[in-house]
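Shown next, in structure tokens, is the structure this report addresses.
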Amino acid sequence: MGESNVADGEGERYIYSYDMTENEPRRPVAVVMPATVEEVQAIVRLANERRTPLVPFVTGQNVGGLTIPQVDGAVIVDLRRMNRILTVDEDAMYALIEPGVTFGHMKRYLGRHSPGLRYTYPLAPPFTSIVANALLQGLCDLSTRRGAMENFINGFEVVLPTGEIVRVGSGILGEDNWFGRYPLPDLVGLFSGWQGMTGIVTKMAVQLWPKQPYVRYAALFTTDEEQTVGLLRRIVRTQVLDDADCMSVSLVKMLLGAEPPVDIYPDEPQYATLLTVSGQNELEVEGKYQAVAQAVARERSRDRRVNLIDWDAITVLMGRDANSWVDFPSDAFKILAEYDGLTWVGTYVHPARWATALKRGREVVERYGFELMAFLKPMNGMHYGELKFIVRFPKDPETIERVRQCNSELLDVLLALGAIPYKTPVWAARRLLERCDSGFVQLLRRIREFLDPNGILNPGRYSL
Amino acid sequence: MTSVGAIERYLHNCIRCGTCKYLFRDYRPSCPSGEYFGFETYYASGRIGIARGIATGDLEWDETLLRPIFACTTCGSCEVQCLAPHRDHIVEMIEELRAQAVERLGALPHHRAFAEKIQSVHNPYGAAHHGRRIATKLDLPRTAPVVYFVGCTSMYRENEIRDATLHILSRLGVDFTVIDEYCCGSPLLRTGQAGLAVQVAAHNVREIANSGARVVVTSCAGCLRTLRDDYESLGLSTGVEVLHITEFLAEHLTREHLTRMDLTVTYHDPCHLGRHAGIYEAPRAALETIGVETMEMSRNRANAWCCGAGGGVKSVFPDFALWTARRRLEEASETGAEVLTSACPFCRRNLSDTADGYRLDVRDVVELVDRALR
């Protein structure tokens, strides 16, 4: 790699020791930046010889303490130099990318080279690693229709903790053959959701989709938790939506310029949802929109406070910003970048318990005196729901402690409802594993020991 | 001067979201330092993180911190891209951190060396002090309504800029003079050595006052920012209007003065003139007035890629400075222009130093204007 790609200065050790969340920092002994799979392989082999813990890292805006070493003596493997889009296969609609490729870079690339195809964006800055978000089973603006981002993985190349390079998915038959994962034993699951404990993915094939020429947006305003979740469930089950992104109305007010803490009045809508429909022509889009409008109208006949507002009207009210929010929501992210701390407890939850989870979680957040910044997304055609409570906070010791207590209580409430945390910090994983089926935990341990006999890759992660 | 307390004021505002790393909604790189060195510490968010660590006591001062703290051109592109509350103060925070570093660990050897030269001969190059020799040579008056503040790089290195500016002012019939100027203090302020900057600034303020001028014109983007903005932060005031030469030309240059030039040109926005002082159109207007065909680089104005020379980088990290300039020359070459022009002697120097192998003639705007006036 060369000396310039290895750092053990105090600055690097400090900056790589923490993330934006409240999770406890720990300093690595060094940071290395490989640029090729061979370099990754050499690092892993050397780490095995020396029994040096390795922690994969990509683009820097990390959450959940997921890149914070859990043991002393760890080396961070920063993969940002591996940032090439290697192929876009227009026929099978996938892109083969390295881990440093971000959502922003993918958008730019497709816009220039494959304008008929699209990828997605997450609720995050655009400079988030696609590979990391996919492996962490995160969500995006196609999750309402297609589920967590792992579903979009066609396969990948991975350096195992013992240094071998393997492939999973149809790419096992050749470089230009990354069309899917089936019919095969689905070994993606040996690496996805494992938070970098079972291998370092060095290239990944991710699905792309035809870019629909006609897209229409609308904002749905609803009142309480039961109504919000109930209506979302009904709308999503019409199967016309591309996406639904629901949030506390306080966030919308902040986007409009209201200074926090934002007051929400009793008769005001409590939640706002951005709905997206698309199609090949205006007629198709209009038909889909009307299906949504009918579902809303039925609810509105019971409660006049429910409103579906076409995005054109929102644009008139808010100006051009409104278009930028739906185009690629980096503008909207600014309301989350107020302090040096940001965290959440995020879960995927059974639809029948979604509203209860939202209501009880809200009570916890408000009891701790934090702003209510709830985000919800119907997932995978409404087979499950996503729910998270974001807390933005200044990282002073007193507030950090209060955040920890709040998140701890939130997690207990959500676990009790059968919700599964995602991008799970170690403390939350520990609590999940204490509650869950013991055979599952034993299998996790056996797989990990099999793949990483020396325990060098991200030891301590997921409380394993 | 760095405003005392910027780090403390914005201690709890950077989430390290990474928005500063890339051009907003364009997704191409914005930060030369981060792109060249790669580690998180070399982006604005990393430097703010270091400042935070020092301020909270989580991080002890250490020699290894100096590299990430000083390997930044302070180009300010991070400020344009950032969406957080501290966005307008990132360079200020970095300069404040540098001042702390100098106080605790001392200035970097190259920076200390040019500070010593400024102390002894009033310029960072160690050249014999010029004083007002030009005034004698050109028979300029002791007092005049306009002062041309030459700046050290034009005076001692990029003489073509100085000579072109003097010729332009003469041809336009401007009643001007020069003063016994010292270094404006910019190299000191960018490298955490504000103490000496106050001394040279005080001298320049006195000289400007003694000239009787109402307007100071400079052909140096760094001097402009320093005289116009930083002196006030140092508690000093020139008491006059400070203009970049291209702003001055906007009022005084008309097509009747000029011979039309058959030339294709692309303009590089100097960081000190553009992002730091908000002057984007005046140089372009001057180019339009002289009739050259201008072709914009894809990253321009507030999103312009830095030339790589600023912030004390060229002296301490020459390879980084030249790498950054090469990226700009590549972008300029893509336009197909014959001339890469800028409005800053430091940009001219660093871009020229890298121009071998590129079919581009690197010139300052004033050189082109001067050519059109001849």
Side-chain angles (χ1 to χ4, degrees), chain A residues 4-21 25 27 31-33 35 57 59-62 76 78 80-81 102-109 111 124-128 324 327-328 330-342 392-397 399, chain B residues 10-31 34-43 45-71 81-87 97 101 319-320:
Chain A
S4 62
N5 293 306
V6 179
D8 62 356
E10 286 305 310
E12 285 75 28
R13 293 186 59 221
Y14 174 68
I15 292 299
Y16 284 83
S17 74
Y18 67 92
D19 65 15
M20 63 179 76
T21 68
R27 291 183 201 199
V31 185
V32 297
M33 285 193 302
F57 181 107
T59 56
Q61 56 277 61
N62 303 304
I76 300 272
D78 185 339
R80 70 179 305 275
R81 291 173 70 213
T102 71
F103 290 86
H105 296 136
M106 181 75 101
K107 179 180 167 70
R108 179 180 171 84
Y109 185 92
F127 310 113
T128 305
S324 68
D327 173 46
F328 202 68
S330 31
D331 274 2
F333 186 80
K334 67 185 174 190
I335 58 172
L336 301 180
E338 183 74 13
Y339 301 111
D340 58 341
L342 186 77
R392 51 181 202 169
F393 61 101
K395 276 189 164 179
D396 59 74
T399 310
Chain B
Y10 299 103
L11 190 63
H12 290 301
N13 286 112
C14 180
I15 201 171
R16 282 173 56 194
C17 66
T19 307
C20 58
K21 295 175 179 175
Y22 301 95
L23 300 183
F24 188 63
R25 294 194 166 279
D26 177 289
Y27 316 116
R28 280 179 295 171
S30 63
C31 175
E35 287 303 303
Y36 183 76
F37 293 99
F39 295 104
E40 290 292 316
T41 34
Y42 289 83
Y43 289 100
S45 50
R47 295 190 175 90
I48 292 170
I50 290 172
R52 171 186 175 275
I54 294 288
T56 58
D58 291 337
L59 187 57
E60 298 282 325
W61 280 109
D62 181 275
E63 295 280 340
T64 62
L65 296 177
L66 294 174
R67 197 172 162 83
I69 290 174
F70 284 95
Q81 320 311 333
C82 174
L83 299 173
H86 58 284
R87 60 174 295 173
L97 180 63
D319 291 345
F320 164 41

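First the proteins, then the strands, lettered A, B, ... as listed; each starts at 1.
At least one donor-acceptor pair under 3.5 Å links the side chain of B:Thr64 to the backbone N or O of A:Glu10. The backbone N or O of B:Tyr27 sits nowhere less than 3.5 Å from a side-chain atom of A:Lys107 that would complete a donor-acceptor pair. A side-chain donor-acceptor contact under 3.5 Å links A:Tyr16 to the backbone of B:Glu40. At distances below 3.5 Å, not a single donor-acceptor pair connects side-chain atoms of B:Asn13 with backbone N or O atoms of A:Asp340.
In terms of heavy-atom pairs under 4.5 angstrom with chain A, the leader among B:Asp62, B:Asp26, B:Ile50, B:Thr19 is B:Asp26. The candidate with the highest count of non-hydrogen atom pairs below 4.5 Å against chain B, out of A:Arg392, A:Arg81, A:Gln61, is A:Gln61. When the candidates B:Arg28, B:Glu60, B:Arg67 are compared by the number of heavy-atom contacts under 4.5 Å with chain A, B:Arg28 comes out ahead.
Between B:Ala84 and A:Ala337 the shortest heavy-atom distance is CB-O, 3.4 Å.
For the atom pair CE of A:Met20 and SG of B:Cys17, the computed distance is 7.0 Å after rounding to the nearest 0.5 Å. Atoms CD1 and OH, from B:Ile15 and A:Tyr339 in turn, are 11.5 Å apart once rounded to the nearest 0.5 Å. Summarising the geometry, atom CD1 belonging to A:Ile15 is positioned 9.5 Å from atom CG belonging to B:Leu65; distances are rounded to the nearest 0.5 Å. Between the CD atom of B:Glu35 and the CZ atom of A:Arg80 there is a distance of 5.5 Å, given to the nearest 0.5 Å.
For a residue to count as touching a neighbouring chain, one of its non-hydrogen atoms must lie under 4.5 Å from one of that chain's; by this rule B:Cys14 touches chain A with the backbone only. Contacts of B:Tyr43 with chain A are made by side-chain atoms alone, with heavy-atom separations under 4.5 Å and no backbone atom involved. For A:Phe57, the part sitting under 4.5 Å from any heavy atom of chain B is the side chain, from C-beta outward, and nothing else. Neither the backbone nor the side chain of A:Thr128 has a heavy atom closer than 4.5 Å to any heavy atom of chain B. Of the atoms belonging to B:Ile54, not a single heavy atom falls under 4.5 Å from chain A. Proximity to chain B is limited to the side chain of A:Arg27, based on heavy atoms less than 4.5 angstrom apart. Only the backbone of A:Leu336 has a heavy atom closer than 4.5 Å to any heavy atom of chain B.
For the pair A:Glu12/B:Pro68, a side-chain contact is recorded, criterion being any heavy-atom separation below 4.5 Å from C-beta on.
In this structure, A:Arg108 fails the cation-pi test against B:Tyr22, since its NZ or CZ atom is not both closer than 6.0 Å to the six-membered ring centre and inside 45 degrees of the ring normal. For the pair B:Arg52 and A:Tyr14, the cation does not sit on the ring face, since its NZ or CZ is not both under 6.0 Å from the ring centre and inside 45° of the axis.
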